[in-house]
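Worksheet: one structure, shown below.
Residues take their numbers from the sequence shown, with the count starting at 1.
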Amino acid sequence: MHKFLRAVGFSEITKEELHNIFEKVIARPTFQKVAEDSEGNEFAELTKEFGDFFGLSLRGTFDEFDEFHMDYYYPYFCGTTISTHERPDIEKHAEKESYAGVCDEVRVGVTLIFYLQNVVDYLAEKNNPLYHMQKNGVILSALSTDGKILLPISKDEKKHEQLEQQRMDRNSLIAAARNGDEDAIENLTLEDIDTYSLLSRRIMREDILSIVENYFMPYGIESDQYAILGEIMDCKLLQNEYTGENVYAMELMCNDIPFSVCINQKDLLGEPAVGRRFKGTIWLQGSIYYQS
């Protein structure tokens, strides 16, 4: 049983019920895509929506009798906003025909690693002679099984503008440092020392979550899971049409990166609302946006 099944409304599903769901997906998928995999074999993906933008995807092959044989499945949630325009590198997982996207995003400060959703599109586009010339973006989304709602940090408009300018200046320094600018590296080092000193003083009298507005950090030993704290920009309560369970779909802004998160209502502590913050652990997914 996949750990993140509950995030899309399958929290109480049994193995027998899940097998029946697989048969329904194979019989009547919402989407069906086929491409040639890395070894020259036919690769198929059958997707079934069980609510707005979420569902299950089955991946495998068709035999000579046109029967589908599933290799593996995963729950998914699709985002709607391009999160980054940095060009990702795609790497195949060792044990099966699944892929991870790797993206150096200045705004986060760490290398983003996500589970690739549109593998069939990637395999098809990879053989296109114009593939390396296309300007791509990545639409990020995430599933969560543990989260809570926090109140926003109080700040006036002037302070907000100052923070935005500081963030833009820091991103410029990081970009310059990545290109080998020694002055930028030295300035970043001094800035980190000053930040550490300031935090050390404030933490003595303030709660850490009133100081840190948002964060995006690797979580655990799996490379595509993160601990996040981000501001809720939009929130919708959706329902799994098969189980009747409710899930929250939230649009978050975290380290200036917009992306969507889906979490079961049972697993969320607190009432989400625009302006409040979501704190939790996520499994990051993403799809590459190909310009036509």
Side-chain angles (χ1 to χ4, degrees), residues 7 77 79-86 103-114 137-175 188 191-192 194-203 205-220 223-236 248-263 267-286:
F77 175 60
T80 57
T81 304
I82 294 180
S83 304
T84 176
H85 289 281
E86 294 288 338
C103 186
D104 285 327
E105 177 53 65
V106 173
R107 292 171 293 178
V108 177
V110 299
T111 300
L112 282 179
I113 301 176
F114 59 89
V138 177
I139 302 173
L140 294 176
S141 58
L143 298 178
S144 177
T145 58
D146 177 34
K148 61 182 65 175
I149 302 300
L150 304 179
L151 293 175
I153 293 178
S154 177
K155 55 179 182 284
D156 57 30
E157 187 64 28
K158 184 177 181 180
K159 185 177 181 181
H160 178 74
E161 292 177 358
Q162 291 176 345
L163 291 174
E164 286 296 320
Q165 186 60 47
Q166 291 174 4
R167 194 175 290 119
M168 291 173 61
D169 293 342
R170 180 174 175 81
N171 289 343
S172 298
L173 284 175
I174 293 174
L188 282 172
E191 185 178 300
D192 288 342
D194 291 341
T195 300
Y196 178 79
S197 176
L198 177 62
L199 286 175
S200 298
R201 294 195 302 270
R202 291 186 61 183
I203 200 67
R205 62 182 188 277
E206 297 179 55
D207 182 82
I208 185 66
L209 294 178
S210 66
I211 302 173
V212 179
E213 184 177 357
N214 54 59
Y215 59 74
F216 202 112
M217 301 186 301
Y219 177 82
S223 57
D224 51 11
Q225 295 189 23
Y226 297 87
I228 66 165
L229 174 62
E231 183 180 353
I232 300 174
M233 311 304 292
D234 192 18
C235 179
K236 295 179 181 177
Y248 280 111
M250 293 177 286
E251 299 288 334
L252 300 183
M253 183 66 73
C254 186
N255 285 45
D256 286 336
I257 294 182
F259 65 97
S260 307
V261 173
C262 184
I263 184 172
D267 298 326
L268 184 63
L269 178 63
E271 187 70 24
V274 175
R276 295 178 181 177
R277 293 181 293 167
F278 171 82
K279 177 179 179 291
T281 56
I282 61 169
W283 176 35
L284 191 64
Q285 302 180 349

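- Contact check for E86 versus L112: no side-chain heavy atoms found under the 4.5 Å cut-off.
- Here the shortest heavy-atom pairing between Y248 and C235 reads CD2-SG, 3.7 Å.
- Residue S210 holds its OG atom at 11.0 Å from CG of L150, rounded to the nearest 0.5 Å.
- A heavy-atom distance below 4.5 Å is found between the side chains of L252 and I232.
- Between V261 and S144, the closest heavy-atom pair is CG1-CB, 4.1 Å.
- The nearest pair of heavy atoms linking L229 to N214 is O-CB, 2.7 Å.
- Between atom CD1 of residue I139 and atom CD1 of residue I82 there is a gap of 5.5 Å, rounded to the nearest 0.5 Å.
- W283 is listed as a side-chain neighbour of Q225, based on a closest heavy-atom distance under 4.5 Å.
- Within 6.0 Å of OH on Y219 lie no more than 12 heavy atoms contributed by other residues, nucleotides or ligands.
- Of all the heavy atoms in T81 and E251, the pair that sits closest is OG1-OE1, 4.3 Å.
- Side-chain atoms of R277 come within 3.5 Å of backbone atoms of E213 as a donor-acceptor pair (strictly under, hydrogens ignored).
- Residues F259 and I228 are in side-chain contact: their nearest non-hydrogen atoms beyond the backbone lie under 4.5 Å apart.
- Summarising the geometry of R276 relative to E271, their closest heavy-atom pair is NH1-O, 2.6 Å, with the distance given to 0.1 Å.
- Under a 3.5 Å cut-off, the side chain of S83 and the backbone N or O of L140 do form a donor-acceptor pair.
- Formation of a donor-acceptor pair under 3.5 Å by the S141 side chain with backbone atoms of F77 is found in this model.
- Between atom NZ of residue K279 and atom CG of residue L268 there is a gap of 12.5 Å, rounded to the nearest 0.5 Å.
- Inter-residue side-chain proximity for I113 and L284 is flagged as unmet; no heavy-atom pair is nearer than 4.5 Å.
- With rounding to the nearest 0.5 angstrom, the CZ atom of F278 is 10.5 Å from the NZ atom of K148.
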Chi angles and distances behind the side-chain contact (heavy atoms from CB on, under 4.5 Å) call for F216, I257:
CA-CA 10 Å; F216 202 112; I257 294 182; 5.8 Å; no
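- The two residues G230 and C254 come nearest to each other via the heavy atoms CA-CB, 4.1 Å.
- Taken from CG in D267 to CG in L143, the straight-line distance is 11.5 Å, to the nearest 0.5 Å.
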